[in-house]
Novice: 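I have a structure I would like to understand better, so I am pasting it below and will then ask my questions one at a time.
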Amino acid sequence: QLLEKIIAREAAMFIAVKASEPADCQEMLKTFYLMREMSHSVLAADTLTSYLQDLETAAAAGRNLMTEKYARMENLIPSLNENELIYKIVDIEREVHKKYPLTIAVEGGFTTYAVCELETYSDATLNLYYRDIFLAATQKRNLVEERYQYLYGNLGFKDLEEVEALAQKRAAVKE
């Protein structure tokens, strides 16, 4: 139920994003819901509660966090949050690329997207998020890996190893 509230808030903000050109993804809400559920599914309840509060606070102030995230990604506005935890989180999350370089690519957009999204989080949410990923790392887990396992499991794959093997075969055929 907490996830549903968060994703509903995010979807409302996402649909309301005004871009110079309409984005096809705004018409694909089923995909949006799956991707956002994937993103949030690995976080602790108190982290999600804090993030929901961020969304509600922003909405009450007339802010659209999705608009802000995409404006940051295009360098249209200055940084929203200089919290050092943002880069610590991204560095930890990038580690999964070493294990699945074709399935979870970090070149190009991964870092930019992650940083710009995290900049929209409050410091309280960032602290809880960092705790979640740090705790997972101490347990030899990676939340990004768990997210993608969740996503590809919902798409009918056994695991990320299967997805990576298929990506390797496709890459070999292209060569």
Novice: Should Val42 and Tyr150 count as side-chain neighbours, where that means a heavy-atom distance under 4.5 Å?
Specialist: no
Novice: Checking Lys169 now: which residues fulfil side-chain hydrogen bond (donor to acceptor under 3.5 Å, both in side chains) with it, not counting sequence neighbours?
Specialist: none
Novice: Looking at every heavy atom in both Asn142 and Glu93, which two are closest together, and how far apart are they?
Specialist: ND2-O, 4.0 Å
Novice: After noting the C-alpha distance and the side-chain angles of Arg36 and Glu117, does the key distance pass the salt bridge (Lys or Arg N to Asp or Glu O under 4.0 Å) rule?
Specialist: CA-CA 12 Å; Arg36 298 312 292 173; Glu117 176 153 331; 2.7 Å; yes
Novice: Around atom CD of Gln139, are there more than 12 heavy atoms from other residues, nucleotides or ligands closer than 6.0 Å?
Specialist: yes
Novice: Tell me yes or no: between the side chains of Thr120 and Glu68, is some donor less than 3.5 Å from an acceptor?
Specialist: no
Novice: Between Tyr152 and Lys158, is any side-chain donor less than 3.5 angstrom from a side-chain acceptor?
Specialist: no
Novice: Spell out, yes or no, whether Leu135 and Tyr121 are grouped together once hydrophobic residues are joined by side-chain heavy atoms under 4.5 Å, including indirect joins.
Specialist: no
Novice: I need the minimum non-hydrogen distance between Glu37 and Leu3, along with the two atoms involved.
Specialist: CG-CD1, 4.3 Å
Novice: Between the side chains of Thr57 and Gln53, does any donor sit under 3.5 Å from an acceptor?
Specialist: yes
Novice: For Glu162, enumerate each residue passing the side-chain hydrogen bond (donor to acceptor under 3.5 Å, both in side chains) test, keeping only those at least two apart in sequence or located in another chain.
Specialist: none
Novice: Side-chain contact test, heavy atoms from C-beta onward, threshold under 4.5 Å: evaluate it for Leu80 versus Ile77 and give yes or no.
Specialist: yes
Novice: Report yes if some heavy atom in the side chain of Phe157 is under 4.5 Å from a heavy atom in the side chain of Tyr148; otherwise report no.
Specialist: no
Novice: Under the rule for side-chain hydrogen bond (donor to acceptor under 3.5 Å, both in side chains), what residues qualify as partners of Ser50, not counting sequence neighbours?
Specialist: Thr125
Novice: So, applying side chain to side chain donor-acceptor pair (under 3.5 Å) with Tyr51, which one of Glu56, Glu10, His40 is it?
Specialist: Glu10
Novice: Is any side-chain heavy atom of Leu43 less than 4.5 Å from a side-chain heavy atom of Leu143?
Specialist: yes
Novice: Less than 4.0 Å between a side-chain N and a carboxylate O, is that true for Arg9 and Asp54?
Specialist: no
Novice: Any side-chain heavy-atom pair from Val163 and Tyr100 closer than 4.5 angstrom?
Specialist: no
Novice: How close do Met13 and Ala58 get, counting heavy atoms only, and between which atoms?
Specialist: CE-CB, 4.3 Å
Novice: Quick one: do Tyr113 and Lys69 satisfy side chain to side chain contact (heavy atoms under 4.5 Å, CB included)? Show the steps, please.
Specialist: CA-CA 8 Å; Tyr113 184 92; Lys69 174 175 67 174; 2.8 Å; yes
Novice: When you measure from the side chain of Thr49 to the backbone N and O of Ala45, does any donor-acceptor pair fall under 3.5 Å?
Specialist: yes
Novice: Whether the Arg94 and Thr111 side chains hold a donor-acceptor pair (N or O, under 3.5 Å, no angle test) is what I'd like checked.
Specialist: yes
Novice: Do Val115 and Glu119 touch side chain to side chain, with heavy atoms closer than 4.5 Å?
Specialist: yes
Novice: For the CD1 atom of Ile133 and the CG atom of Leu128, what is their distance to the nearest 0.5 Å?
Specialist: 12.0 Å
Novice: Do the rings of Phe14 and Phe32 sit parallel, tilted or perpendicular, given the 30° and 60° boundaries?
Specialist: parallel
Novice: Heavy atoms, side chains only, cut-off 4.5 Å: are Asn81 and Leu126 in contact?
Specialist: yes
Novice: Taking atom OG1 of Thr67 and atom CG of Leu76, what is their separation to the nearest 0.5 Å?
Specialist: 11.0 Å
Novice: Looking at OH of Tyr129 and CG of Leu48, how far apart are the two atoms once the value is rounded to the nearest 0.5 Å?
Specialist: 10.5 Å
Novice: Report the C-alpha distance between Leu85 and Asp123 in whole Å, list the side-chain angles of each, state the deciding distance to 0.1 Å, and finish with yes or no for side chain to side chain contact (heavy atoms under 4.5 Å, CB included).
Specialist: CA-CA 9 Å; Leu85 289 179; Asp123 287 343; over 6 Å; no
Novice: Quick check for you: to the nearest 0.5 Å, what is the distance between Gln149 atom CD and Asn154 atom CG?
Specialist: 10.5 Å
Novice: What's the shortest heavy-atom distance between Ser39 and Arg147, and which atoms?
Specialist: O-NE, 2.8 Å
Novice: Please lay out, stage by stage, how Lys99 and Leu160 fare under the test side chain to side chain contact (heavy atoms under 4.5 Å, CB included).
Specialist: CA-CA 10 Å; Lys99 192 172 178 182; Leu160 287 175; over 6 Å; no
Novice: Report the distance from atom CD1 of Ile7 to atom NZ of Lys5, rounding to the nearest 0.5 Å.
Specialist: 13.0 Å
Novice: Start with the C-alpha gap between Leu34 and Leu155, add the side-chain angles, then the distance that decides, and say whether side chain to side chain contact (heavy atoms under 4.5 Å, CB included) holds.
Specialist: CA-CA 10 Å; Leu34 177 61; Leu155 295 174; 4.3 Å; yes
Novice: Let me confirm one number: the SG-CE distance from Cys116 to Met73, rounded to the nearest 0.5 Å.
Specialist: 6.0 Å
Novice: Is there side-chain contact between Glu145 and Arg141, with at least one heavy-atom pair below 4.5 Å?
Specialist: no
